[in-house]
2 protein chains.
Amino acid sequence: MTQKRSTWQKVAVREELGERSGFISAQQLHAEMVAAGQKLGLTTVYRALTDMVESGEADALTGSDGETRYRICGQEHHHHLICNVCGKTVEFELPGFEAATKALALSHGFQEVSHSIELFGTCSDCPRG
Amino acid sequence: MTQKRSTWQKVAVREELGERSGFISAQQLHAEMVAAGQKLGLTTVYRALTDMVESGEADALTGSDGETRYRICGQEHHHHLICNVCGKTVEFELPGFEAATKALALSHGFQEVSHSIELFGTCSDCPRG
DNA sequence: TTTGGTTCGATAATGATTTTCAGTAAGGAG
DNA sequence: CTCCTTACTGAAAATCATTATCGAACCAAA
Ligand SMILES: [Zn+2]
Ligand SMILES: [Zn+2]
Ligand SMILES: [Zn+2]
Ligand SMILES: [Zn+2]
């Protein structure tokens with residue numbers, strides 16, 4: 001029935017996002033694609049990114065500045081260590097933490113627990129600040 | 001010497017926020033204050049809340065919906081366990097986690113590490129799930 | 001080629017937050 | 001208490017990321 005069609009626009013967004021190692025906003029990604037000569041609409045970029053998030057291909061992260069940034073990530077459960085200077089991102093998991101947080105939540109009577117964990121810092125390639 | 005003046009508006013916002021146990025957005029807080037008969041501007045509420053966050057009196061949390069919510073919290077370092085139905089919030093700290101995350105970040109060459117950790121779930125006062 | 005649904009994208013709309021800026025008032029000086 | 005300086009207030013306009021519209025472009029199939 002409702003099939004997903006593969007268009008050059010979607011492919012282009014996937015490729016452009018794949019070339020980056022860190023998170024990037026839809027606006028920025030679109031601007032760079034246009035600057036590189038690709039002619040596609042901002043709306044299309046938003047739709048392509050949303051599709052990728054829904055299919056699990058990419059992760060979305062909404063910062064305190066209100067902008068949502070995207071990144072192609074592994075399918076397994078993980079968290080991010082992000083350089084707040086260059087954006088370099090490392091995926092990681094913390095053994096035991098998942099269980100610890102769930103236990104803590106349960107001890108407070110909470111059910112269906114989910115969590116949001118992100119680490120920020122300055123990577124070795126970036127000057128201290 | 002840019003000093004801070006105490007106005008009834010700031011006091012009112014602080015009190016209104018203090019009556020709540022969970023996070024609330026500036027828009028919502030303003031709406032309720034107006035509904036309660038207090039006549040102040042939305043801009044003023046935003047400014048009062050921003051001041052409280054800067055002074056460490058309150059915590060701000062920007063959700064994936066783009067809205068920032070505020071809550072008066074303890075001064076000590078802590079994280080939040082939030083009911084996504086009624087908004088009830090519990091502050092907590094995880095012994096050992098702070099060190100574990102810092103060590104992990106350092107092992108990847110990251111400096112000046114900070115972290116964002118929030119737990120979400122349904123509290124015991126809220127139905128189903 | 002005709003057909004019917006999918007996708008595109010320019011543009012308008014949305015909605016939270018910020019900026020403006022002229023009028024108000026806190027609070028220290030005298 | 002009165003004056004002054006200047007932070008504060010708030011209605012309205014400006015920002016800005018994201019979403020909704022809707023006609024045109026596209027594609028696969030009949
Ligand atoms: Zn990821
Ligand atoms: Zn996890
Ligand atoms: Zn808090
Ligand atoms: Zn912590």
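Below, read A as the first sequence line, B as the second, and so on, with proteins coming before strands; counting in each chain starts at 1.
Within 4.0 Å of B:Thr68, counting heavy atoms only, lie sugar-phosphate atoms of the nucleic acid but no base atom.
Remark: C1' of D:dC16 and OH of A:Tyr46 are 9 Å apart, rounded to the nearest angstrom. Rounded to whole Å, atom C1' of C:dC21 lies 11 Å from atom CZ of B:Arg47. The interatomic distance linking A:Leu40 (CG) with D:dC26 (P) rounds to 14 Å, in whole Å. Atom pair B:Lys10:NZ and D:dG10:P shows a separation of 11 Å (rounding to whole Å applied). B:Gln3 has its CD atom 19 Å from the P atom of D:dC4, to the nearest Å. If you measure from atom CD of B:Gln38 to atom P of D:dG10, you get 11 Å, rounded to the nearest angstrom. Straight-line distance from the CE atom of B:Met33 to the P atom of D:dT9: 11 Å, rounded to whole Å. Distance, B:Asp51 CG to D:dC8 P: 7 Å, rounded to whole Å.
Taken together through direct or relayed side-chain contacts under 4.5 Å among Ile, Leu, Val, Met, Phe, Trp and Tyr, A:Ile24 and A:Leu42 form parts of separate hydrophobic clusters.
You'll find that the side chain of A:Gln27 is closest to D:dT18, out of C:dG9, D:dG10, D:dT18. Here D:dA17 is the nucleotide among D:dG10, C:dA16, D:dA17 with the atom lying nearest to any side-chain atom of A:Glu67. For B:Thr43, taking side-chain heavy atoms from C-beta onward, the closest of the listed nucleotides D:dG10, C:dG9, C:dA16 is D:dG10. Of the listed nucleotides (C:dG9, D:dT9, C:dG5), C:dG5 has the atom at the smallest distance from the side chain of A:Arg5.
Taking the C1' atoms of five terminal pairs at each end of the helix from C:dT1-D:dA30 to C:dG30-D:dC1, the two resulting helix axes are inclined by 20°, rounded to 10°.
Contact annotation: A:Lys4 does not reach the phosphate of C:dT6 (side-chain N/O to OP1 or OP2, under 4.0 Å). In this model, the phosphate group of C:dG9 is approached by a side-chain N or O of A:Gln9 to a distance below 4.0 Å at OP1 or OP2.
Ring pair B:His79/B:Phe92 is tilted by interplanar angle, where 30° to 60° counts as tilted.
Ion pairing of B:Arg14 with B:Glu16 is absent here, as no side-chain N (NZ or NE/NH1/NH2) approaches a carboxylate O to less than 4.0 Å. Using a 4.0 Å cut-off between a side-chain N of Lys or Arg and a carboxylate O of Asp or Glu, B:Arg71 and B:Glu57 do not qualify as a salt bridge.
Side chains of A:Cys83 and B:Phe110 form a contact here, defined as non-hydrogen atoms less than 4.5 Å apart.
The closest side-chain donor-acceptor pair between B:Gln111 and A:Thr122, if any, does not fall under 3.5 angstrom.
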* Is there a side-chain contact (heavy atoms from CB on, under 4.5 Å) between B:Leu29 and B:Arg20 once you walk through the steps? -> CA-CA 10 Å; B:Leu29 194 68; B:Arg20 316 200 134 265; 4.3 Å; yes
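Of the two residues contacting DNA chain C, namely A:Lys39 and B:Trp8, the nearest-nucleotide position lying further toward the 5' end is that of A:Lys39. Comparing B:Thr7 and A:Ser25 by the nucleotide of DNA chain D that holds the closest heavy atom to each, the one mapping nearer the 5' end is B:Thr7.
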